[in-house]
Amino acid sequence: MVLPTSPQPVAGTALDGLHDAVCDWYAASSRPLPWRRPTTTAWHVLVSEVMLQQTPVDRVAPVYEEWIARWPTPRALAEVAPGEAVRAWGRLGYPRRALRLHASATAICERHDGEVPRDLEALRALPGVGEYTAAAVAVFAYGQRHAVLDTNVRRVLGRVLGGDALPAATMSVAERERARSALPADTATAARWSIGLMELGALVCTARAPACSVCPIRDGCRWHAAGRPAYDGPARRGQTYAGTDRQCRGRLLAVLRDAEGAVPGSALRQVWDDATQRERALDSLLDDGLVVNVGDDEYALPGT
DNA sequence: GAGCCGTGGGG
DNA sequence: TCCCCAAGGCT
């Protein structure tokens, strides 16, 4: 008999009940999303996770299908110009993600022989892959045991374990530790728990109108037991958009995306009146590498 | 660590 | 209508 070298969860605790309830609920109620097919590869998972950063599932699905059909491997994507990735990104938003995915494909070919790395730190080193996405790939593609803390999981755990309506703006060490402690000891169970929590947050324990009446872990939820108290933290910053540089960048890039090749500056001037802001936005797009100058007052997506 | 980076749908 | 937000990451 080997003594545990670190604290192990005690069998038969309330946590075990939560684990079972969430895993059972997921088995019965999860959505058949395109990236959950048996044929899904680690590369497909990475593509889906980056697309899903701040973009709803319904809008991601069709673009994801196009991407994996066209670029089924990192090498396939790395072989085309980055501008092709930006164009195929369509209107998912935050188009720098397309550029980063292309850069990740290149890095995976150069550093990992074309295979998406399994190691958390190697994943984290890829452009556009942060703490969440690295854990998501490690868990969803490779079945490892890590806490996967996206906005859904943070909200669910915050309610169930913390009794809070909504998670704090920034993640604390204590929050990470709480999530880690709540992981099932068994690796395969932990992976199902992680994806189950995420799905629960997306379908039941939502931000606006949580459906506690159908929640599989309502009875173990601190927030529900406390009468679902309202969020009492600091006011959250609404993201302004109309008239901002972001909107201007979006307009300019849409012109490039919808054109065959290079576009004259006049076409860009047409979609935004404020010259100062327009030039500032164009400069930032050039800085980001989303747009390149291909001649006198001519612009294009990179490499196209 | 606050602010920035797109887009569209629902309450 | 307006506001909020939806599987974050980077500086």
Side-chain angles (χ1 to χ4, degrees), chain A residues 26 30-31 33-36 40 44-64 86 89-101 103-104 123-141 146-157 165-173 194-203 205-211 231 234-257 271-272 277 280-281 283-285 287-291:
Chain A
Y26 181 81
S30 64
R31 297 164 291 178
L33 299 176
W35 40 89
R36 290 179 180 165
T40 302
H44 298 163
V45 171
L46 177 57
V47 169
S48 73
E49 290 302 337
V50 173
M51 287 183 172
L52 287 163
Q53 292 168 3
Q54 302 285 283
T55 303
V57 164
D58 289 343
R59 233 180 306 156
V60 165
V63 181
Y64 166 83
V86 174
W89 195 253
R91 308 188 67 79
L92 289 183
Y94 295 143
R96 290 188 294 191
R97 290 181 292 165
L99 229 39
R100 291 180 182 143
L101 214 31
S104 275
L123 284 165
R124 184 70 183 70
L126 297 172
V129 177
E131 179 180 347
Y132 161 74
T133 303
V137 172
V139 172
F140 304 153
H146 302 291
V148 182
L149 286 163
D150 77 321
T151 187
N152 286 310
V153 175
R154 292 188 64 209
R155 186 176 57 249
V156 174
L157 291 181
L166 294 172
T170 59
M171 194 161 36
S172 65
V173 173
S194 293
I195 189 143
L197 281 181
M198 196 173 306
E199 189 76 342
L200 190 62
L203 298 182
C205 192
T206 60
R208 296 245 193 121
Y231 174 72
R236 328 175 110 215
R237 268 211 139 33
Q239 15 178 350
T240 52
Y241 185 62
T244 61
D245 286 11
R246 291 162 78 175
Q247 184 181 33
C248 183
R249 282 167 55 105
R251 290 268 188 87
L252 297 179
L253 199 62
V255 172
L256 275 289
R257 240 185 0 241
V271 299
W272 200 264
Q277 187 175 33
R280 183 170 65 237
D283 280 343
S284 72
L285 287 171
D287 276 345
D288 288 345
L290 282 165
V291 176

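In what follows, chains are A, B, ... by sequence order, proteins preceding strands, each numbered from 1.
- When rounded to the nearest whole Å, the span between CG of A:Leu285 and P of B:dC5 equals 10 Å.
- Here C:dA7 presents its C1' atom at 5 Å from CD of A:Glu49, a figure rounded to the nearest Å.
- Of the P atoms belonging to C:dA7 and B:dC4, the separation is 23 Å, rounded to the nearest Å.
- Heavy atoms of A:Ala136 sit nowhere under 4.0 angstrom from any nucleic acid atom.
- Residue contacts shown for A:Trp35 include a base, since a base heavy atom lies under 4.0 Å away.
- At least one donor-acceptor pair under 3.5 Å links the side chain of A:Gln53 to the backbone N or O of A:Gly128.
- When rounded to the nearest whole Å, the span between CZ of A:Arg97 and P of C:dA7 equals 13 Å.
- Taking atom CD of A:Gln54 as the reference point, atom C1' of B:dG9 lies 15 Å away to the nearest angstrom.
- Considering only residues two or more places apart in sequence or on other chains, A:Arg280 meets the side chain to side chain donor-acceptor pair (under 3.5 Å) condition with A:Asp245.
- Considering every non-hydrogen atom in both A:Ala202 and A:Arg31, the closest pair reads CB-NH2, 3.7 Å.
- Test A:Leu252, A:Leu285, A:Val255, A:Val86 against A:Val291 for side-chain contact (heavy atoms from CB on, under 4.5 Å) and you get one pass: A:Leu285.
- A donor-acceptor pair shorter than 3.5 Å can be found between the side chains of A:Arg249 and A:Ser284.
- The CZ atom of A:Arg251 sits 11 Å away from the P atom of B:dG8 (whole-angstrom rounding).
- The side chain of A:Val57 lies closest to C:dA7 when the candidates are B:dT7, B:dC5, C:dA7.
- The distance from atom CG of A:Leu33 to atom P of C:dA6 is 16 Å, rounded to the nearest whole Å.
- Both A:Thr170 and A:Gly90 lie close to DNA chain B; mapped to their nearest nucleotides by heavy-atom distance, the more 5′-ward contact belongs to A:Thr170.
- Taking only side-chain atoms of A:Arg249, from C-beta outward, the nucleotide of C:dA7, C:dA6, B:dC5 with the closest atom is B:dC5.
- Remark: the backbone N or O of A:Ala165 is not paired with any side-chain donor or acceptor of A:Arg155 at under 3.5 angstrom.
- Spacing between C:dT1 and B:dG6 at atom P, rounded to whole Å, works out to 25 Å.
- When the C1' atom is compared between C:dC2 and B:dC5, the two are found 22 Å apart, to the nearest whole Å.
- A straight line from CH2 of A:Trp272 to C1' of B:dG6 spans 12 Å, rounded to a whole angstrom.
- Listed nucleotides C:dA7, B:dC5, C:dA6 differ in distance to A:Thr151; the shortest reach to its side chain belongs to C:dA7.
- Heavy atoms of A:Arg36 sit under 4.0 angstrom from at least one base atom.
- When the side chain to side chain donor-acceptor pair (under 3.5 Å) test is applied to A:Asp150, the partners found at least two apart in sequence or on another chain are A:Asn152.
- With no hydrogens or angles considered, a side-chain donor-acceptor pair links A:Tyr132 and A:Glu49 at under 3.5 Å.
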Dump every N/O contact between nucleotides 9-11 of chain C and the protein below 3.5 Å, one line per pair.
{"from": "C:dG9", "atom 1": "OP1", "to": "A:Gly130", "atom 2": "N", "distance (Å)": "2.9"}
{"from": "C:dG9", "atom 1": "OP1", "to": "A:Thr133", "atom 2": "N", "distance (Å)": "3.0"}
{"from": "C:dG9", "atom 1": "OP1", "to": "A:Thr133", "atom 2": "OG1", "distance (Å)": "2.5"}
{"from": "C:dG9", "atom 1": "OP2", "to": "A:Tyr132", "atom 2": "N", "distance (Å)": "3.3"}
{"from": "C:dC10", "atom 1": "OP1", "to": "A:Gly128", "atom 2": "N", "distance (Å)": "2.9"}

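- Here A:Arg246 does not reach the OP1 or OP2 of B:dT7: none of its side-chain N or O atoms lies under 4.0 Å away.
- Residue A:Arg208 has its side chain nearest to B:dG10 when only C:dA7, B:dC5, B:dG10 are considered.
- In this structure, the CG atom of A:Leu92 is 13 Å from the P atom of B:dG6, given to the nearest Å.
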